[in-house]
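Single-structure report; data block below.
It should be emphasised that the depicted structure is a prediction, and the values quoted were computed from it without experimental measurement.
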Amino acid sequence: VQLQASGGGLVQAGGSLRLSCEVSGHTSNSYDAGWFRQAPGREREFVAAISGSGDINSYADSVKGRFTISRDNAKNTVYLQMNSLKPEDTAVYYCAASYTGRWLLGDYDFWGQGTQVTVSS
């Protein structure tokens, strides 16, 4: 299973970006997916997650109300729409897929390579 994240870039505070994560090499869409981020000098942290069917979402408090996770199973792609971006959102963003069923516990099997998001003040 391979995950390819894209859509990062440089944006001013208050702006928006949409990240995409294309998942390939799997035999079914029955995976849960999540987005994580890691800023320089900090540990990787959870951002958002979505169930395989797309009907259950979870968000970190720091992004709730600003970020929206979604998925298009026909395209094998998971999205992260990021609005009202702040400088503290600057980080490398990673997507991940979980086939374990323990996605809400942070148990993910496969990870993408990351995409840089930089928010200028």
Side-chain angles (χ1 to χ4, degrees):
V1 177
Q2 295 83 43
L3 288 80
Q4 181 70 45
S6 61
L10 173 64
V11 64
Q12 288 188 331
S16 298
L17 282 174
R18 187 176 82 155
L19 305 183
S20 299
C21 177
E22 184 175 355
V23 183
S24 62
H26 57 99
T27 59
S28 75
N29 279 319
S30 52
Y31 60 92
D32 308 303
W35 287 95
F36 295 77
R37 66 187 182 187
Q38 186 167 20
R42 301 186 65 177
E43 293 189 354
R44 185 173 63 195
E45 64 175 2
F46 168 76
V47 175
I50 188 168
S51 63
S53 60
D55 59 350
I56 302 174
N57 300 330
S58 178
Y59 295 93
D61 288 342
S62 59
V63 306
K64 205 169 290 184
R66 300 188 298 122
F67 291 11
T68 302
I69 189 170
S70 62
R71 64 190 296 161
D72 184 339
N73 284 341
K75 296 182 179 180
N76 297 319
T77 303
V78 181
Y79 304 98
L80 185 68
Q81 177 66 44
M82 306 186 294
N83 298 329
S84 302
L85 282 161
K86 305 175 181 179
E88 51 264 43
D89 294 318
T90 295
V92 177
Y93 283 71
Y94 299 90
C95 58
S98 173
Y99 290 84
T100 69
R102 298 188 294 274
W103 60 290
L104 289 174
L105 299 177
D107 189 0
Y108 288 82
D109 307 273
F110 303 96
W111 294 81
Q113 85 290 356
T115 184
Q116 176 71 46
V117 172
T118 302
V119 184
S120 63
S121 57

| message | Rounded at 0.5 Å granularity, tell me how far CG in Asn57 sits from OG in Ser70. | response |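 Between Asn57 CG and Ser70 OG, I get 8.5 Å after rounding to 0.5 Å.
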
| said: Once rounded to the nearest 0.5 Å, what's the spacing between atom CD1 of Ile50 and atom CG of Asp55? | reply: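 The CG atom of Asp55 is 8.5 Å from CD1 of Ile50, to the nearest 0.5 Å.
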
Suppose we screen for side chain to side chain donor-acceptor pair (under 3.5 Å). Which residues come up paired with [X], at least two apart in sequence or across chains?
X      : result
Arg44  : none
Gln38  : none
Trp103 : Asp32
Ser6   : none

| Sequence neighbours excluded - salt bridge (charged side-chain N to carboxylate O under 4.0 Å, His left out) pairs with any residue from residues 87-97 |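 Non-adjacent pairs meeting salt bridge (charged side-chain N to carboxylate O under 4.0 Å, His left out): Arg37-Asp89, Arg66-Asp89.
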
Of all heavy-atom pairs between [X] and [Y], which one has the smallest distance, and what is that distance?
X      : Y      : result
Tyr108 : Gly34  : CE2-N, 3.6 Å
Leu104 : Ser58  : CD2-CB, 3.9 Å
Ser98  : Asp107 : OG-O, 2.7 Å
Gly8   : Thr115 : N-OG1, 3.1 Å
Phe67  : Val47  : CD2-CG1, 3.8 Å

| Do any N or O atoms from the side chain of Arg71 and from the backbone of Ser53 form a donor-acceptor pair under 3.5 angstrom? |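 Not confirmed, Arg71 side chain does not pair with Ser53 backbone.
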
| task | Could you give me the CA-CA distance, side-chain angles and deciding distance for Ile69 and Gln81, then say whether side-chain contact (heavy atoms from CB on, under 4.5 Å) is met? | result | CA-CA 6 Å; Ile69 189 170; Gln81 177 66 44; over 6 Å; no

| Please walk me through it: do Val23 and Thr77 pass side-chain contact (heavy atoms from CB on, under 4.5 Å)? | CA-CA 6 Å; Val23 183; Thr77 303; over 6 Å; no

| Would you call the rings of Tyr94 and Trp111 parallel, tilted or perpendicular if under 30° counts as parallel and over 60° as perpendicular? |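 If you compare the ring of Tyr94 with that of Trp111, the planes turn out perpendicular.
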
| Residues which pass salt bridge (Lys or Arg N to Asp or Glu O under 4.0 Å) with Asp109, listed by chain and number, not counting sequence neighbours |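 None.
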
| task | With sequence neighbours excluded, tell me which residues meet salt bridge (Lys or Arg N to Asp or Glu O under 4.0 Å) with Asp61. | result |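 Asp61: salt bridge (Lys or Arg N to Asp or Glu O under 4.0 Å) contacts with Lys64.
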
For residues 9-20, please give each side-chain donor-acceptor pair under 3.5 Å, one per line with the distance, not counting sequence neighbours.
from  : atom 1 : to    : atom 2 : distance (Å)
Ser16 : OG     : Asn83 : OD1    : 2.9

| request: Taking the side chain as every heavy atom from C-beta outward, state whether Tyr99 and Val1 have any atom pair closer than 4.5 Å. | output: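 In short, these two side chains touch, coming nearer than 4.5 Å.
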
| query | Does anything in residues 42-66 pair up under ring pair (Phe, Tyr, Trp, His ring centres under 6.0 Å), and if so which pairs, sequence neighbours excluded? | reply |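 Sorted pair list: Phe36-Phe46.
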
Under the disulfide (SG to SG under 2.5 Å) definition, can you give me all pairs with a residue in [range], not counting sequence neighbours?
range           : answer
residues 37-76  : none
residues 85-121 : Cys21-Cys95
residues 34-81  : none

| message | Count I, L, V, M, F, W, Y as connected when their side-chain heavy atoms are under 4.5 Å apart, and connections chain through other members. Are Leu80 and Val117 then in the same cluster? | response |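 In one cluster with Leu80: Val117, yes.
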
| field | Met82 reachable from Val63 in the ILVMFWY side-chain graph, under 4.5 Å edges | value |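 Yes.
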
